Structure formats: C-alpha cells, structure tokens
Asker: 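Pasting in a structure now, in structure tokens, and then I'll have a few things to ask.
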Amino acid sequence: MASLSSRNFCVFLVISVVILCSLMVISASDLNQDFQITWGDGRAKIVNNGELLTLSLDKASGSGFESKNEYLYGQIDMQLKLVAGNSAGTVTAYYLSSKGSTWDEIDFEFLGNLSGDPYILHTNVFSQGKGNREQQFYLWFDPTADFHTYSILWNPQHIVFSVDGTPIRKFKNLESAGVPYPKNQPMRIYSSLWNADDWATRGGLVKTDWTQAPFTASYRNFKANACVLNSGKSSCNSNSPSSTSNSWLSQELDSTGEERLKWVQNNYMIYNYCSDAKRFPQGFPTECNMA
C-alpha cells in the first residue's frame, strides 16, 4: 500500500509540475505595462491584451516605442519576428540608450534585404558618445518565419549579445586599459521600424519597394531581469549581487557559451571592426588588441 501511495503521489507531482510549466508558458507579459508608443501616428499597436506589439512602415512614416522604465544593468529578452518578403531598405532597430551628448548605447539593428537574401544583424556599443564598434552577422535561420529571442546581458563585467540563447558577441569591461564602459547612465529600451534605403541594403544601391508596404515587425514575450532606476535609486541591492534573483549581475559565459560564441563568429560574422585595417590606419582600438 505504501508503494502504491508513493506512486500515486509521484504521478500527482508530475501532473502538477506539467500544469505549472504549461501555465508559465502560456502566461505572457503585458507589453502595455512596460512600453509606450512614441511615434508613428497609429502605425504602432499593442494588441491581444498586451501580448503582441507591432510596428509598421509605409511611405509616409515608420513607427516606434520605448520602455517606461530606465535600467542600469540587466538581462533583457525580447522575441521579434522581422519584416518578411522584400524588406530591402528597411531597418528594424532594437536597442538600449541613454540621453545626452555623451550617451551610452547597446544596439541590435536588423538590415532588410531582397527576398531570398539573408538579413544582416548589425551590432554596436557606444560608451560616452563613442561608437564605431560594429560587428555584423548573418543568422542561421529565417528571422521572418517565426519569433526568435534577442537578448542583451549588461553587467559590470561585460555586455553579451545573444540570439535564442546563443551568444554572438561579447564586449568586455576594459576600463582598466582606458576603454570607456557603460556603467553610470541609465538606459531605456527603444525600438523603431524605419526607411533607411540610402544605406541599409548594399550600401544604398537597393531601394525600398513601396509596393510591398506596409512593412511590419512584431514583438512579444518581453522579460527584464534588471536594475530599474527610479528617482536615482536602483531596485537592485548592490550588497548582494550573488543572490538568486540578481545572479546575472556577476554572470560570465561558461565554457559552452564561449564555444558557441566562437562558432557564431567563425561561421556567421561578416564584418568586425577589429579586422578592418583600412578603417584604422593608425592602429586598432585598444579593445581589439585585448580580445
């Protein structure tokens, strides 16, 4: 009887876990709570009870949104489905940025292309108003066919860009070597869909085909495990960065993460500023020599 009772308890426990996991998957963040539409004259919409946000672009205007909160360090995740078909000339930008002339910024930009040609994922890091740290990638899937998760881990050690949990870029904190690092300026999340056919696709050779408009990008399942700034005070307890909820504050890439990072950079990176000798005739930036 004890064995049967134990077995029944185990079955009950498994069923409970399955139900709980199902609820966790079904549950989605309400984007109305986290974001506000900032421009586009109705072209940006939050629908399905806050589960989906869409941006659209036509010949008259693009559209955009921003986060209601400011963050100073965080693990930021968002699922995006990019403009399908002939997206040449369009740019979907998703990034963190502060304000002012010496701003900090962490960029994902998705450069559209002709039907059948791959998107280019453009990344950049600005610190104290200085960028010019571009790395570009092709993706190993069609980013228009379904939603994929694009993540930024920003902590005092480094900034890690990831796609579906796979790291694609790491920018280390090298302040000790004189390289400015984003650490003091709180940033909001911004996103926009806009026309950039003067440069986005093949250096501006391919223009936007407005017969394909409106162009639409979609967002869902936002998650921010982050330090929110409110009246200059952080929601994070700086005295306990190793606690479970704030473990990302000290998170490093493990050996598997480093291997996956190398795999992406060896197979899918198509531009690296640290390899562009013509661009830096006086020598590469300091961080390029400390990889």
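If you're wondering where the values come from, they're calculated on a predicted model, not measured in any experiment.
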Asker: Check for me whether the distance between the ring centres of Trp248 and Trp154 falls short of 6.0 Å.
Answerer: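 No, ring centres 6.0 Å or more apart.
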
Asker: List in chain and number order the residues that pass side-chain hydrogen bond (donor to acceptor under 3.5 Å, both in side chains) with Ser98, two or more places apart in sequence or in another chain; answer none if no residue qualifies.
Answerer: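 Ser98: side-chain hydrogen bond (donor to acceptor under 3.5 Å, both in side chains) contacts with Gln185.
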
Asker: Mind listing the closest non-hydrogen atom pair of Leu31 and Phe222 along with its distance?
Answerer: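 Taking Leu31 first and Phe222 second, the nearest heavy atoms are CD2-CB, 3.7 Å.
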
Asker: Would Ile189 and Ile76 satisfy side-chain contact (heavy atoms from CB on, under 4.5 Å), going step by step from the backbone distance to the final call?
Answerer: CA-CA 9 Å; Ile189 300 166; Ile76 309 291; 3.7 Å; yes

Asker: Take Asn221 and Gln79 through the test side chain to side chain donor-acceptor pair (under 3.5 Å) and record every step on the way to the result.
Answerer: CA-CA 6 Å; Asn221 290 348; Gln79 289 192 329; 2.8 Å; yes

Asker: Within the structure provided, determine whether Asn195 and Trp210 are in side-chain contact (heavy-atom separation under 4.5 Å).
Answerer: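 Yes, side chains in contact.
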
Asker: Parallel, tilted or perpendicular for His122 and Trp199, by the 30°/60° rule?
Answerer: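 Ring orientation of His122 relative to Trp199: perpendicular.
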
Asker: Please lay out, stage by stage, how Asp209 and Thr211 fare under the test side chain to side chain donor-acceptor pair (under 3.5 Å).
Answerer: CA-CA 5 Å; Asp209 181 359; Thr211 66; 2.6 Å; yes

Asker: Sub-3.5 Å donor-acceptor pair from the side chain of Ser191 to the main-chain atoms of Ala93, do we have one?
Answerer: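 Looks like yes, one N/O pair under 3.5 Å.
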
Asker: Give the intermediate values and the outcome of side chain to side chain donor-acceptor pair (under 3.5 Å) for residues Thr144 and Asp142.
Answerer: CA-CA 5 Å; Thr144 73; Asp142 178 0; 2.7 Å; yes

Asker: Do Phe147 and Phe35 share a hydrophobic cluster, counting only Ile, Leu, Val, Met, Phe, Trp and Tyr and linking them when any side-chain heavy atoms are less than 4.5 Å apart?
Answerer: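 No, no single cluster joins them.
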
Asker: Rounded to the nearest 0.5 Å, what separates atom CZ in Phe137 from atom OH in Tyr271?
Answerer: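 Reported to 0.5 Å precision, the distance equals 12.5 Å.
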
Asker: Parallel, tilted or perpendicular: which describes the rings of Phe171 and Tyr181, with under 30° parallel and over 60° perpendicular?
Answerer: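 Rings of Phe171 and Tyr181: parallel, as their planes differ by under 30°.
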
Asker: As a quick check of understanding, evaluate side-chain contact (heavy atoms from CB on, under 4.5 Å) for Asp104 and Met187, giving each step before the final call.
Answerer: CA-CA 8 Å; Asp104 296 335; Met187 299 196 244; 4.0 Å; yes

Asker: Got a salt bridge between Asp117 and Arg202, using NZ or NE/NH1/NH2 to carboxylate O under 4.0 Å?
Answerer: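 A salt bridge links Asp117 with Arg202.
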
Asker: Does any N or O in the side chain of Asp164 come within less than 3.5 Å of the main-chain N or O of Thr149, such that one atom is a donor and the other an acceptor?
Answerer: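 Yes, because the side chain of Asp164 sits within donor-acceptor range (under 3.5 Å) of the backbone of Thr149.
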
Asker: side-chain contact (heavy atoms from CB on, under 4.5 Å) for Tyr138 and Met269? Distances and angles first, verdict last.
Answerer: CA-CA 7 Å; Tyr138 286 144; Met269 181 185 284; over 6 Å; no

Asker: For the atom pair OG (Ser234) and CG (Leu229), what is the distance rounded to the nearest 0.5 Å?
Answerer: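 Reported value, rounded in 0.5 Å steps: 5.5 Å.
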
Asker: Drop me the distance from Glu66's CD to Ser97's OG, to the nearest 0.5 angstrom.
Answerer: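 Output value for this atom pair is 10.5 Å.
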
Asker: Between Lys170 and Glu252, is the salt bridge (charged side-chain N to carboxylate O under 4.0 Å, His left out) condition met? List the steps.
Answerer: CA-CA 10 Å; Lys170 179 170 69 172; Glu252 300 276 358; 5.7 Å; no

Asker: Considering non-hydrogen atoms only, spot the tightest contact between Ser235 and Ala226 and give its length.
Answerer: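 That would be OG-O, 3.7 Å.
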
Asker: To the nearest 0.5 Å, what is the distance between CD on Gln75 and SG on Cys227?
Answerer: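 So the CD of Gln75 and the SG of Cys227 are separated by 12.0 Å.
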
Asker: Should the heavy atoms of other residues, nucleotides or ligands under 6.0 Å from NZ of Lys68 be counted, would the total exceed 12?
Answerer: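 It does: Lys68 NZ has more than 12 such atoms within range.
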
Asker: So among Tyr150, Tyr94, Tyr119, which one has a ring-ring contact (aromatic ring centres under 6.0 Å, His included) with Phe110?
Answerer: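 Testing each of Tyr150, Tyr94, Tyr119 against Phe110, the sole residue satisfying ring-ring contact (aromatic ring centres under 6.0 Å, His included) is Tyr150.
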
Asker: Starting from Tyr219, can I reach Val47 by hopping between I/L/V/M/F/W/Y residues whose side chains sit under 4.5 Å apart?
Answerer: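 Different clusters: Val47 never reaches Tyr219 through Ile, Leu, Val, Met, Phe, Trp or Tyr contacts under 4.5 Å.
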
Asker: Work out which heavy atom in Asn184 is nearest to a heavy atom in Leu72; give both atom names and the distance.
Answerer: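 For Asn184 versus Leu72, the nearest heavy atoms are C-CD1, 4.0 Å.
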
Asker: Would you check if Asp107 and Val125 make a side-chain contact, meaning some heavy-atom pair closer than 4.5 Å?
Answerer: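 Not in contact.
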
Asker: Check whether Tyr71 forms a cation-pi arrangement with Arg188 (NZ or CZ under 6.0 Å from the six-membered ring centre, at most 45° off the ring normal).
Answerer: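 Cation-pi check for Arg188 and Tyr71: fails.
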
Asker: Verify, without hydrogens or angle tests, whether Asp30 (side chain) and Glu51 (backbone) share a donor-acceptor contact under 3.5 angstrom.
Answerer: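 Such a contact is absent between Asp30 side chain and Glu51 backbone.
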
Asker: In this structure, are over 12 heavy atoms from other groups packed under 6.0 Å from Lys207 atom NZ?
Answerer: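 Yes, enclosed.
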
Asker: Identify the heavy atoms of Thr90 and Ala200 that sit nearest to each other, and give their distance.
Answerer: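 Closest heavy-atom pair between Thr90 and Ala200: O-CB, 4.3 Å.
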
Asker: Thr216: what forms a side-chain hydrogen bond (donor to acceptor under 3.5 Å, both in side chains) with it, not counting sequence neighbours?
Answerer: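 Expected list: none.
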
Asker: Kindly say whether Cys274 contributes a backbone atom to a donor-acceptor pair with the side chain of Asn272 at under 3.5 angstrom?
Answerer: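 Looks like yes, one N/O pair under 3.5 Å.
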
Asker: So Phe161 and Gln135, do their side chains get closer than 4.5 Å, heavy atoms only?
Answerer: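 Not touching, per the 4.5 Å side-chain cut-off.
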
Asker: Apply ring pair (Phe, Tyr, Trp, His ring centres under 6.0 Å) to the pair Trp39 and Trp194, showing each step before the final yes or no.
Answerer: CA-CA 11 Å; Trp39 63 285; Trp194 50 291; 8.7 Å; no

Asker: With side chain to side chain donor-acceptor pair (under 3.5 Å) as the criterion, how do Asn113 and Thr201 come out once you've worked through the C-alpha distance, each side chain's angles and the decisive distance to 0.1 Å?
Answerer: CA-CA 6 Å; Asn113 219 328; Thr201 305; 5.0 Å; no

Asker: Which distance, rounded to the nearest 0.5 Å, do you find between the OG of Ser247 and the CG of Asn155?
Answerer: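 Going from the OG atom of Ser247 to the CG atom of Asn155 covers 10.5 Å.
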
Asker: Does some side-chain heavy atom of Cys236 sit less than 4.5 Å from a side-chain heavy atom of Tyr73?
Answerer: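 No; the side chains remain at least 4.5 Å from each other.
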
Asker: Could you list the donor-acceptor pairs under 3.5 angstrom formed by side chains in residues 52-59, with sequence neighbours left out?
Answerer:
from  : atom 1 : to    : atom 2 : distance (Å)
Ser56 : OG     : Arg43 : O      : 2.9
Asp58 : OD1    : Arg43 : NE     : 3.1
Asp58 : OD1    : Arg43 : NH2    : 3.4
Asp58 : OD1    : Ala60 : N      : 2.9
Asp58 : OD1    : Ser61 : N      : 3.1
Asp58 : OD2    : Arg43 : NE     : 2.9
Asp58 : OD2    : Arg43 : NH2    : 3.4

Asker: What I'd like to find out is whether the side chain of Phe108 reaches to under 4.5 Å of the side chain of Ile152, using heavy atoms alone.
Answerer: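 Contact flag for Phe108/Ile152 side chains = yes.
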
Asker: Under the side chain to side chain contact (heavy atoms under 4.5 Å, CB included) test against Leu153, which residue among Asp77, Val160, Ile159, Leu253 passes?
Answerer: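 Testing each of Asp77, Val160, Ile159, Leu253 against Leu153, the sole residue satisfying side chain to side chain contact (heavy atoms under 4.5 Å, CB included) is Val160.
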
Asker: Using the rule side chain to side chain donor-acceptor pair (under 3.5 Å), only one of Glu105, Glu175, Arg133 pairs with Ser127; which is it?
Answerer: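 Among the candidates, only Arg133 passes.
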
Asker: About how many Å separate OG1 of Thr123 and CD of Gln136, when rounded to the nearest 0.5 Å?
Answerer: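 One finds 8.0 Å between CD of Gln136 and OG1 of Thr123.
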
Asker: Mark yes or no for whether Gln251, through its side chain, and Gln157, through its backbone, hold a donor-acceptor pair below 3.5 Å.
Answerer: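 No, because the side chain of Gln251 does not come within donor-acceptor range (under 3.5 Å) of the backbone of Gln157.
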
Asker: Mind running side-chain contact (heavy atoms from CB on, under 4.5 Å) on Ser115 and Asn86 for me, showing each step along the way?
Answerer: CA-CA 4 Å; Ser115 299; Asn86 181 0; 3.6 Å; yes

Asker: Please check this pair: side chain of Asp254 against backbone of Gly257, looking for a donor-acceptor N/O pair closer than 3.5 Å.
Answerer: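 Confirmed, Asp254 side chain pairs with Gly257 backbone.
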
Asker: For the residue pair Asn132 and Glu134, establish whether any side-chain heavy-atom pair is separated by less than 4.5 Å.
Answerer: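 Sidechains of Glu134 and Asn132: in contact.
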
